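To start, the structure under review is shown below, and the notes come after it.
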Amino acid sequence: MKTDLLREQFHIFNSHRRSVLDKRFMECGVYFGQPPILEYIAKKPDSTQKEIADFLGVSPPSVAMSVKRMEKSGLLMRVADKSDARRNNLQITEKGMELLRLAHTAFDEIDAVSLKGFTDEELDTLISFIGRMNANLSVFADDKGEKNA
């Protein structure tokens, strides 16, 4: 059945990509889940952990653990909200920005290798297919972006 072959190919691709990224990230001292958090904070300074968790579709405790580790490593910092002292906002540090640049380089290199030989037309088709698949899968997400079991 074609869906079995497709599932197998997705699994192999995801495993290879994750393995290469893990190796590259370990060389830089980055954990796999950190780049998306750094990216979000870089684009939206003064974000909260809850906003990040909602955007990424993960649990707040998961983000809290990552933030604690990243703060300890000097990648980001908490800043008290000026309008609500109970709230801490997150900001990326220069060290965090440098790590994010290294992560982008790793992603770019891996993407270049994995997409080698594709024409622009094939890339447009691939982007279209993946976009349609993502839209189809949106039925599994509620209005907060969290995954339903």
Side-chain angles (χ1 to χ4, degrees), residues 1-78 88-149:
M1 186 177 232
K2 288 192 188 239
T3 55
D4 290 340
L5 182 58
L6 184 61
R7 184 180 313 119
E8 180 182 338
Q9 290 301 311
F10 272 127
H11 175 73
I12 292 168
F13 176 77
N14 286 334
S15 294
H16 282 160
R17 190 169 194 271
R18 174 76 187 252
S19 177
V20 172
L21 281 171
D22 281 345
K23 183 178 178 191
R24 293 293 305 274
F25 286 167
M26 290 302 281
E27 293 169 359
C28 302
V30 181
Y31 290 91
F32 190 79
Q34 291 177 339
I37 294 172
L38 291 172
E39 184 78 39
Y40 187 87
I41 298 168
K43 288 181 179 176
K44 297 185 179 197
D46 294 322
S47 301
T48 66
Q49 290 179 187
K50 182 177 179 345
E51 291 166 346
I52 295 166
D54 288 347
F55 177 78
L56 296 177
V58 298
S59 71
S62 176
V63 171
M65 280 182 49
S66 292
V67 164
K68 185 176 181 180
R69 179 183 290 149
M70 294 165 72
E71 185 178 27
K72 189 174 183 178
S73 298
L75 303 176
L76 53 82
M77 60 186 176
R78 295 175 206 256
N88 285 313
N89 298 326
L90 300 171
Q91 295 180 353
I92 191 168
T93 64
E94 187 54 45
K95 183 177 178 181
M97 286 301 294
E98 178 58 28
L99 210 67
L100 188 55
R101 284 189 283 276
L102 291 171
H104 282 172
T105 299
F107 281 121
D108 290 347
E109 289 173 1
I110 291 163
D111 290 345
V113 170
S114 65
L115 297 171
K116 184 179 178 183
F118 282 71
T119 65
D120 284 344
E121 184 178 305
E122 288 171 325
L123 289 174
D124 290 341
T125 301
L126 180 61
I127 291 166
S128 173
F129 288 164
I130 292 173
R132 285 170 46 196
M133 292 169 69
N134 284 329
N136 291 342
L137 287 175
S138 70
V139 301
F140 293 110
D142 65 18
D143 55 348
K144 290 185 180 178
E146 297 170 346
K147 297 170 185 88
N148 291 330

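Index from 1, following the sequence. Computed from a predicted model, the values in this text were never measured in an experiment.
Across all non-hydrogen atoms, the minimal contact from Ser66 to Ile37 is CB-CD1, 3.6 Å. Of all non-hydrogen atoms in Asn88 and Thr48, the two that sit nearest each other are O-CG2, 4.0 Å. Minimum heavy-atom separation, Val63 to Gln49: CG1-O, 3.8 Å. In this structure, Ile92 and Leu75 approach most closely via the heavy-atom pair CG1-O, 3.6 Å. Here the closest heavy-atom approach between residue Lys95 and residue Ser73 is recorded as NZ-O, 2.8 Å. For the pair Thr93 and Met77, the tightest heavy-atom approach, listed with the atom from each and the gap, is CG2-N, 4.2 Å.
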TODO: Walk me through it: do Asp108 and Arg101 pass the test salt bridge (Lys or Arg N to Asp or Glu O under 4.0 Å)?
DONE: CA-CA 10 Å; Asp108 290 347; Arg101 284 189 283 276; over 6 Å; no
TODO: Show your working on side-chain contact (heavy atoms from CB on, under 4.5 Å) between Leu102 and Val30 and close with a plain yes or no.
DONE: CA-CA 9 Å; Leu102 291 171; Val30 181; over 6 Å; no
TODO: Give the intermediate values and the outcome of side-chain contact (heavy atoms from CB on, under 4.5 Å) for residues Leu126 and Glu122.
DONE: CA-CA 6 Å; Leu126 180 61; Glu122 288 171 325; over 6 Å; no
- [ ] Please report the C-alpha distance between Lys44 and Asn89 in whole Å, then the side-chain angles of each, then the deciding distance to 0.1 Å, and finally whether the side-chain contact (heavy atoms from CB on, under 4.5 Å) criterion is met.
- [x] CA-CA 10 Å; Lys44 297 185 179 197; Asn89 298 326; over 6 Å; no
Open item on the list: With side-chain contact (heavy atoms from CB on, under 4.5 Å) as the criterion, how do Phe32 and Met26 come out once you've worked through the C-alpha distance, each side chain's angles and the decisive distance to 0.1 Å?
Closed with: CA-CA 9 Å; Phe32 190 79; Met26 290 302 281; over 6 Å; no
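In this structure, Arg69 CZ and Gln34 CD are separated by 6.5 Å, a value rounded to the nearest 0.5 Å. Taking CD of Glu51 as the start and CG of Leu90 as the end, the distance is 9.0 Å to the nearest 0.5 Å. Atoms CD1 and NZ, from Ile52 and Lys50 in turn, are 12.0 Å apart once rounded to the nearest 0.5 Å. In this structure, Phe129 CZ and Ile127 CD1 are separated by 12.0 Å, a value rounded to the nearest 0.5 Å. Note that CD of Gln91 and CG of Asp46 are 4.5 Å apart. Values are rounded to the nearest 0.5 Å.
Residue-environment remark: NE2 (His16) stays at or below the threshold of 12 foreign heavy atoms within 6.0 Å. Within a 6.0 Å radius of CG in Asp120, no more than 12 heavy atoms belonging to other residues, nucleotides or ligands are found. Within a 6.0 Å sphere centred on CZ of Phe10, other residues, nucleotides and ligands contribute 12 heavy atoms or fewer. Other residues, nucleotides and ligands place more than 12 heavy atoms under 6.0 Å from the CD atom of Glu27. The environment of OH in Tyr31 is sparse: at most 12 heavy-atom neighbours from other residues, nucleotides or ligands sit within 6.0 Å.
Using a 4.5 Å heavy-atom threshold, the side chains of Asp4 and Arg7 count as touching. Side-chain contact between Leu38 and Met70 is present, with heavy atoms from C-beta onward closer than 4.5 Å. In this structure, Lys68 and Lys72 have side chains that are not in contact, with every pair of non-hydrogen atoms separated by 4.5 Å or more. Side-chain contact between Val67 and Arg78 is present, with at least one heavy-atom pair separated by less than 4.5 Å.
Side chain of Ser138 to main chain of Ala135: a donor-acceptor pair is present (N/O by atom type, distance under 3.5 Å, no hydrogens or angles). No side-chain donor-acceptor contact under 3.5 Å links Ser128 to the backbone of Asp124. Between the side chain of Ser19 and the main chain of Ser15, no donor-acceptor pair closer than 3.5 Å is present.
The aromatic rings of Phe55 and Tyr40 lie tilted to each other, with the angle between the two planes from 30° to 60°.
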